[in-house]
Amino acid sequence: VQLQACGGGLVQAGGSLRLSCATSGRSFSSYAGGWFRQAPGKEREFVAAISWNGASTTYADSVKGRFTISRDNAENTVYLQMNSLKPEDTAVYYCAASGAYFSDPRGFDSWGQGTLVTVSS
């Protein structure tokens, strides 16, 4: 499966952004979807994941209550709604797909290019 993320940009602290990840190739409905991010000088970290049917989600503690992951299998797209953004959310955000159980970050092995999110204070 191929993935392409978009929707990043510059936003003030407290603002919102919605990232989208369009997929192509094999049917995305058979994959778990996920979002990861990498801040400058830091390792890539898990942000959120959603099961193949959208029934289950999991989040990193740092974004819980502020970010919401969702998917539209008819459109082969996964989304990340980001609210109450903080400067520490600044990073390149990557979408990913996993053929394994959605809550295991190690299962994500198909990656899209990143989209940059910059949150100003």
Side-chain angles (χ1 to χ4, degrees):
V1 61
Q2 290 78 47
L3 307 100
Q4 183 166 351
C6 64
L10 174 64
V11 62
Q12 288 188 331
S16 298
L17 279 176
R18 188 193 197 201
L19 305 183
S20 298
C21 179
T23 69
S24 60
R26 296 185 64 180
S27 174
F28 185 60
S29 62
S30 61
Y31 290 86
W35 288 94
F36 293 72
R37 68 186 181 186
Q38 186 167 18
K42 295 187 177 181
E43 294 187 352
R44 186 167 59 192
E45 65 176 0
F46 169 79
V47 174
I50 188 166
S51 61
W52 67 273
N53 60 357
S56 300
T57 57
T58 186
Y59 298 90
D61 288 343
S62 59
V63 307
K64 203 170 293 183
R66 300 187 298 122
F67 290 11
T68 302
I69 188 171
S70 61
R71 66 189 295 160
D72 183 341
N73 284 344
E75 297 293 330
N76 291 320
T77 302
V78 64
Y79 304 96
L80 185 68
Q81 177 67 43
M82 305 185 294
N83 298 330
S84 301
L85 282 161
K86 304 175 181 180
E88 51 263 44
D89 293 318
T90 295
V92 177
Y93 283 72
Y94 299 88
C95 59
S98 170
Y101 193 61
F102 79 101
S103 64
D104 183 358
R106 298 169 297 178
F108 288 89
D109 55 5
S110 295
W111 297 88
Q113 93 294 347
T115 185
L116 176 63
V117 172
T118 304
V119 185
S120 63
S121 57

- Note on the structure: In short, Gly34 meets Phe108 closest at the heavy-atom pair N-CE2, 3.4 Å
- Item | Distance, nearest 0.5 Å, that separates OG of Ser29 from CH2 of Trp52 | 7.5 Å
- Rounded to the nearest 0.5 Å, how far does OG of Ser51 lie from CD1 of Ile69? 9.5 Å
- Considering only NZ, NE, NH1 and NH2 on the basic side and carboxylate oxygens on the acidic side, decide whether Asp61 and Lys64 come within less than 4.0 Å. yes
- Note on the structure: Heavy-atom nearest pair, Ser16 first then Ser84, reads OG-N, 4.4 Å
- Query: Same cluster for Phe36 and Tyr93 if Ile/Leu/Val/Met/Phe/Trp/Tyr side chains link at under 4.5 Å?
  - Reply: no
- What is the distance from atom CG of Leu116 to atom CD of Gln38, rounded to the nearest 0.5 Å? 12.0 Å
- Task: Start with the C-alpha gap between Met82 and Asp89, add the side-chain angles, then the distance that decides, and say whether side-chain contact (heavy atoms from CB on, under 4.5 Å) holds.
- Result: CA-CA 9 Å; Met82 305 185 294; Asp89 293 318; over 6 Å; no
- For Ser70, side chain to side chain contact (heavy atoms under 4.5 Å, CB included) partners two or more places apart: Tyr79
- Task: Indicate, with yes or no, if Val78 and Tyr59 share a hydrophobic cluster defined by side-chain heavy-atom contacts under 4.5 Å among Ile, Leu, Val, Met, Phe, Trp and Tyr.
- Result: yes
- pair Phe67-Leu85: side-chain heavy atoms closer than 4.5 Å: yes
- Shortest non-hydrogen contact from Thr90 to Ala39? O-CB, 3.6 Å
- Query: Is a side-chain donor or acceptor of Gln4 paired with a backbone partner of Gln113 at a separation under 3.5 angstrom?
  - Reply: no
- Query: At what distance, to the nearest 0.5 angstrom, does CD of Gln2 lie from OG of Ser110?
  - Reply: 8.0 Å
- List the steps, then state whether disulfide (SG to SG under 2.5 Å) holds for Cys21 with Cys6. CA-CA 6 Å; Cys21 179; Cys6 64; over 6 Å; no
- Quick one: OG1 on Thr23 to CG on Asn76, what's the gap to the nearest 0.5 Å? 4.0 Å
- Message: Please find the pair of heavy atoms, one from Trp111 and one from Tyr94, that lie closest to each other, and give the distance.
- Response: CE3-CB, 4.0 Å
- Item | Non-hydrogen atoms of Ala32 and Ala100 that approach each other most closely | CB-O, 4.2 Å
- Would you check, one step at a time, whether the test side-chain contact (heavy atoms from CB on, under 4.5 Å) holds for Asn73 with Phe28? CA-CA 7 Å; Asn73 284 344; Phe28 185 60; 4.3 Å; yes
- ILVMFWY cluster, Val92 and Val47 together (side-chain gap under 4.5 Å): no
- Contact check, side chains of Ser98 and Asp104, non-hydrogen atoms, under 4.5 Å: no
- Rounded to the nearest 0.5 Å, what separation is found between the CG atom of Leu17 and the CG atom of Asn83? 9.5 Å
- Item | Minimal non-hydrogen separation, Leu80 against Ala48, with atom names | CD1-CB, 4.3 Å
- Check whether any side-chain heavy atom of Val63 lies under 4.5 Å from a side-chain heavy atom of Arg37, and answer yes or no. yes
